[in-house]
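Shown next, in structure tokens, is the structure this report addresses.
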Number of protein chains: 2
Amino acid sequence: MAKSMSLLWGAGSPPCWRVMITLEEKKLQGYKHKLLSFEKGEHKSQDVLEINPRGQLPAFKHGDYTLNESTGACLYLENQFKSQGNKLIPDSPAEQAVMYQRMMEGLTLTDKLNSVIYYEWFVPEDERHDSAVKRNREALAAELKLWEGYLQTVAAGSYLAGAFSLADAIVFPNIAYAFRFGLSVGHYPKLAKYYSLLRNRPSIKATWPPHWLASPQGFDILKDL
Amino acid sequence: MAKSMSLLWGAGSPPCWRVMITLEEKKLQGYKHKLLSFEKGEHKSQDVLEINPRGQLPAFKHGDYTLNESTGACLYLENQFKSQGNKLIPDSPAEQAVMYQRMMEGLTLTDKLNSVIYYEWFVPEDERHDSAVKRNREALAAELKLWEGYLQTVAAGSYLAGAFSLADAIVFPNIAYAFRFGLSVGHYPKLAKYYSLLRNRPSIKATWPPHWLASPQGFDILKDL
């Protein structure tokens, strides 16, 4: 099955990583894939634009079907391969409700992280304002505190919605990203514990961003948050 | 079942409208609901914050379960009430792939509409730039052209992914919103046809924003797009 799948991806990109974790969890190894460079602008190349007209990664295909929206791809893979690998959508209504809620909230977390980490990438020089930087940082801190709170209420050493689920596949890359960019373990102890719990999960280890392995030292842009 | 559901909503808000369409499609009428005013800041009221800590609408509950993310709520409702009302996730892999892809792309369309229509709401006065307004409008036009293209390839008078699905429940409110704010029927004929097809669907008529009925005249901010 996985032989008919192909993925164009960028290293460290949470949307790409979500799809790769889900493919591992569903035992869909062996798909074709190609690592592209955001720095070189390869996400705007013709190869990508033919699959993903917004010029974004991932650009994912299963046979003739295109699924570039990471959350859409994860939902599709779980629904098409329900009985293969790990089950990623819980049956109980209570856990299912939390799962869908956290999964979609994960996209807000991505946006708020990007608005701080990539401010200078997204905003042209003469449109930048210290007041916007400050507001974005405050919004990100408030967002991260929400997640810290969510993890207070789950059982010790647990996942976001019972067993490991699509919510974790979608949210974890954001959390790893936050720590890579300097988030303080002392300020966010529950997030740090969640990060420690999941980072050694086989699906996550197998898909760890290669350039993070090559240079384990991250950045400190979030350290005072 | 619907008696155990409650919705705090704002009129015309695409995220609220999505959930209301889905509730209608699943024959979940009779839920408790309360219309709040964004203008009066009621989305930041304590009633909302207790359910939705980001102070956003919708704030939706099914019994003890909270689903504030509109797409999450729609997915949950379809999965919990699969055999009730209309089936909103197609079975065929081809249609399912398109459905998940379009459903999630719908959130990008929302963001791009908001960045134009609510620019002055979101951006403090001394951080506004004509160059940003121009870029946001160009990005929205490119986005709308993508959707115009998607509708070229579906059968005449058709929905986004075969029969009416969650993709339509999630995307339609954005399209209605665009025409409410002046989008040109001449510039986007396929979107206009899609809008005409869906606006009389019972689930959509039943949930049409009340203040749009009261004052059918819209705005013209998007007319030159």
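Proteins come first, then strands; the chains are lettered A, B, ... in the order of their sequence lines, and each starts at number 1.
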Inset, instruction - In sequence, state the C-alpha distance, the side-chain angles, and the governing distance for Leu222(B) and Leu113(B), and then conclude on side-chain contact (heavy atoms from CB on, under 4.5 Å). - result: CA-CA 9 Å; Leu222(B) 303 183; Leu113(B) 280 165; 4.0 Å; yes
Legend entry - Test side-chain contact (heavy atoms from CB on, under 4.5 Å) applied to Leu77(A) and Leu88(A), step by step: CA-CA 10 Å; Leu77(A) 291 169; Leu88(A) 298 177; over 6 Å; no
Inset, instruction - Tell me, for Ile89(B) versus chain A, whether the close heavy atoms (under 4.5 Å) come from the side chain, the backbone, both or neither. - result: neither
Inset, instruction - Please look at Leu75(A) and chain B and tell me whether the side chain, the backbone, both or neither of the residue comes under 4.5 angstrom of a heavy atom of that chain. - result: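 For Leu75(A), the contact with chain B is made by backbone and side chain together.
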Inset, instruction - Can you measure from CG (Leu8(B)) to CG (Leu35(B)) and round to the nearest 0.5 angstrom? - result: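 Atom-to-atom, Leu8(B):CG and Leu35(B):CG are 10.0 Å apart.
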Legend entry - Pairwise distance SG(Cys74(A)) to CG(Leu166(A)) - rounded to 0.5 angstrom: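 Cys74(A) SG to Leu166(A) CG: 6.0 Å, rounded to 0.5 Å.
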Inset, instruction - Check the pair Leu160(B), Val171(B) against side-chain contact (heavy atoms from CB on, under 4.5 Å), reporting the backbone distance first and the verdict last. - result: CA-CA 9 Å; Leu160(B) 288 168; Val171(B) 172; 3.7 Å; yes
Legend entry - Leu67(B), Leu23(B), Val19(B) screened by side-chain contact (heavy atoms from CB on, under 4.5 Å) with Met5(B), the one that passes: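 It is Leu23(B); the other options fail the test.
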Between chain B and chain A, which donor-acceptor atom pairs come closer than 3.5 Å, counting both backbone and side-chain atoms?
{"unit_1": "Arg54(A)", "atom_1": "NE", "unit_2": "Glu143(B)", "atom_2": "OE1", "d": "3.0"}
{"unit_1": "Arg54(A)", "atom_1": "NH1", "unit_2": "Glu105(B)", "atom_2": "OE2", "d": "2.6"}
{"unit_1": "Arg54(A)", "atom_1": "NH2", "unit_2": "Glu105(B)", "atom_2": "OE2", "d": "3.0"}
{"unit_1": "Arg54(A)", "atom_1": "NH2", "unit_2": "Glu143(B)", "atom_2": "OE2", "d": "2.7"}
{"unit_1": "Asn68(A)", "atom_1": "N", "unit_2": "Gln101(B)", "atom_2": "OE1", "d": "2.8"}
{"unit_1": "Glu69(A)", "atom_1": "N", "unit_2": "Gln101(B)", "atom_2": "OE1", "d": "3.0"}
{"unit_1": "Asn79(A)", "atom_1": "ND2", "unit_2": "Tyr100(B)", "atom_2": "OH", "d": "2.9"}
{"unit_1": "Gln80(A)", "atom_1": "NE2", "unit_2": "Gln96(B)", "atom_2": "OE1", "d": "2.9"}
{"unit_1": "Gln96(A)", "atom_1": "OE1", "unit_2": "Gln80(B)", "atom_2": "NE2", "d": "2.9"}
{"unit_1": "Tyr100(A)", "atom_1": "OH", "unit_2": "Asn79(B)", "atom_2": "ND2", "d": "2.8"}
{"unit_1": "Gln101(A)", "atom_1": "OE1", "unit_2": "Asn68(B)", "atom_2": "N", "d": "2.8"}
{"unit_1": "Gln101(A)", "atom_1": "OE1", "unit_2": "Glu69(B)", "atom_2": "N", "d": "3.0"}
{"unit_1": "Glu105(A)", "atom_1": "OE2", "unit_2": "Arg54(B)", "atom_2": "NH1", "d": "2.6"}
{"unit_1": "Glu105(A)", "atom_1": "OE2", "unit_2": "Arg54(B)", "atom_2": "NH2", "d": "2.9"}
{"unit_1": "Glu127(A)", "atom_1": "OE1", "unit_2": "Arg135(B)", "atom_2": "NH2", "d": "2.7"}
{"unit_1": "Glu127(A)", "atom_1": "OE2", "unit_2": "Ser131(B)", "atom_2": "OG", "d": "2.5"}
{"unit_1": "Glu127(A)", "atom_1": "OE2", "unit_2": "Ala132(B)", "atom_2": "N", "d": "3.4"}
{"unit_1": "Glu127(A)", "atom_1": "OE2", "unit_2": "Arg135(B)", "atom_2": "NH1", "d": "3.1"}
{"unit_1": "His129(A)", "atom_1": "NE2", "unit_2": "His129(B)", "atom_2": "NE2", "d": "2.8"}
{"unit_1": "Ser131(A)", "atom_1": "OG", "unit_2": "Glu127(B)", "atom_2": "OE2", "d": "2.5"}
{"unit_1": "Ala132(A)", "atom_1": "N", "unit_2": "Glu127(B)", "atom_2": "OE2", "d": "3.4"}
{"unit_1": "Arg135(A)", "atom_1": "NH1", "unit_2": "Glu127(B)", "atom_2": "OE2", "d": "3.1"}
{"unit_1": "Arg135(A)", "atom_1": "NH2", "unit_2": "Glu127(B)", "atom_2": "OE1", "d": "2.7"}
{"unit_1": "Glu143(A)", "atom_1": "OE1", "unit_2": "Arg54(B)", "atom_2": "NE", "d": "3.0"}
{"unit_1": "Glu143(A)", "atom_1": "OE2", "unit_2": "Arg54(B)", "atom_2": "NH2", "d": "2.7"}

Legend entry - Heavy-atom closest contact (Pro173(A) atom, Ala169(A) atom, distance):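 Where Pro173(A) meets Ala169(A) most closely, the heavy atoms are CD-O, 3.2 Å.
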Inset, instruction - Among the options Ala132(A), Pro53(A), Gly63(A), Pro93(A), pick out the one with the most heavy-atom pairs lying under 4.5 Å from chain B. - result: Pro93(A)
